[in-house]
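All chains are named by letter (A, B, ...) in the order of the sequence lines, taking the proteins before the strands, and each is independently numbered beginning at 1.
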There are 2 protein chains.
Amino acid sequence: MTQVRKRRPPATPKQAAACCGPLDDLLDPVLFKAFSDPTRVALIACIAKCGRGCSVGEIAECCSVDFSVVSRHLALLARSGVLEATKDGRTVFYRVRYSELCRSLRSLADALDECCPAKGGASNGKCC
Amino acid sequence: MTQVRKRRPPATPKQAAACCGPLDDLLDPVLFKAFSDPTRVALIACIAKCGRGCSVGEIAECCSVDFSVVSRHLALLARSGVLEATKDGRTVFYRVRYSELCRSLRSLADALDECCPAKGGASNGKCC
DNA sequence: TGCGTACTTGCGTCATAGTGCAAGTATTGG
DNA sequence: CCAATACTTGCACTATGACGCAAGTACGCA
């Protein structure tokens, strides 16, 4: 019978870098860049806790920076997939893309677990 | 009898910003800044997939930037809680803090769910 | 059609951050 | 004790990004 050979974790970091796994796609700098600025994080928290679509004007009342700055941050957050923009007349509503965001975060956590030797992850071949 | 009044989600973003919930702590810009640079992300993926503690020299072979740059990135990643450094003689080993990282990511996902109206989150009062 | 509201975009400024080189520090082995 | 190894740190340069102001665009309403 053919034995199912368990894939080993890469012996060196260089080998690890060469073999692509789920981590490489999930560790997206563009997504996490969205969460790397205090002002943006405040905006995200604000909209997330509100639980509904919010207009730019409403959101701008939450923080002390200029209206134009808020507008730019929101556009960036929409581009990076954190928020979703819908336009109604001249008002733009931004809402949090809860499910997509949660899925990304949990997938990343899962992918990390797959690599973790302590959890038997690294020897199951799913890491890369 | 006293009725257990379900807390409503904040009516406006400004109100939402004022009430502190789990999100405010979990949305940590310092942590996510670690994941916001392509070079750093490559280093993290490299070490994570390797599944063991890696020396700075080994890690530096993975990417094209200068050795000193790698050293600085690794130090930053350790400061922000992504990596853990242990010194053995003159060699420093960096390893991924899998469990802490996964916990942070999953907690954030959970906190977001608590805010999501579609999942009945926003009306349970746990959001803020 | 003109005006006000809601938002976006261009531009200049300033601060922060990434990078490479070179020098410095710690540790090991001869 | 000296030299080599492994890494860190100082310094200068450049790039990127956050910010505010002002001008521009889009839309609704009278």
Between [N] ([atom2]) and [X] ([atom1]): distance, integer Å:
| X | N | atom1 | atom2 | result |
| --- | --- | --- | --- | --- |
| A:D66 | D:dA22 | CG | P | 10 Å |
| A:L74 | C:dA6 | CG | C1' | 13 Å |
| A:D37 | C:dT16 | CG | C1' | 11 Å |
| A:F67 | D:dT25 | CZ | P | 18 Å |
| B:H73 | C:dT16 | NE2 | P | 18 Å |
| B:R90 | C:dT25 | CZ | P | 18 Å |
| A:F93 | D:dA26 | CZ | P | 20 Å |
| B:R40 | C:dA17 | CZ | P | 9 Å |

Closest nucleotide among C:dA17, C:dG20, C:dC7 to the A:S55 side chain: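 Closest of the options to the side chain of A:S55: C:dC7.
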
N/O donor-acceptor pair, side chain B:R72 with base C:dG20, under 3.5 angstrom: yes

Exercise: identify the closest heavy-atom pair between B:C54 and B:I47: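 Looking at all heavy atoms of both residues, the shortest contact is SG-CG2, 4.2 Å.
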
Heavy-atom pair of closest approach, residues A:K49 and B:C115: CA-SG, 4.1 Å

N/O (side chain, B:S68) to phosphate O (OP1/OP2, D:dT8) under 4.0 Å: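 No, no such contact exists.
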
Side-chain N or O of A:T39 closer than 4.0 Å to phosphate OP1/OP2 of D:dC19: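 Indeed, a polar side-chain atom of A:T39 lies that close.
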
Mutual orientation of the aromatic rings belonging to B:F32 and A:F32 [parallel < 30°, tilted 30-60°, perpendicular > 60°]: parallel

Sugar-phosphate only, base, or nothing, as touched by A:T91 at under 4.0 Å among non-hydrogen atoms: sugar-phosphate

Short N-O contact, A:D113 and B:R106, less than 4.0 angstrom: yes

Student check: side-chain heavy atoms of A:R95 and A:L83 closer than 4.5 Å: no

B:S71 or A:S64, whichever maps to the more 5' nucleotide of DNA chain D: B:S71

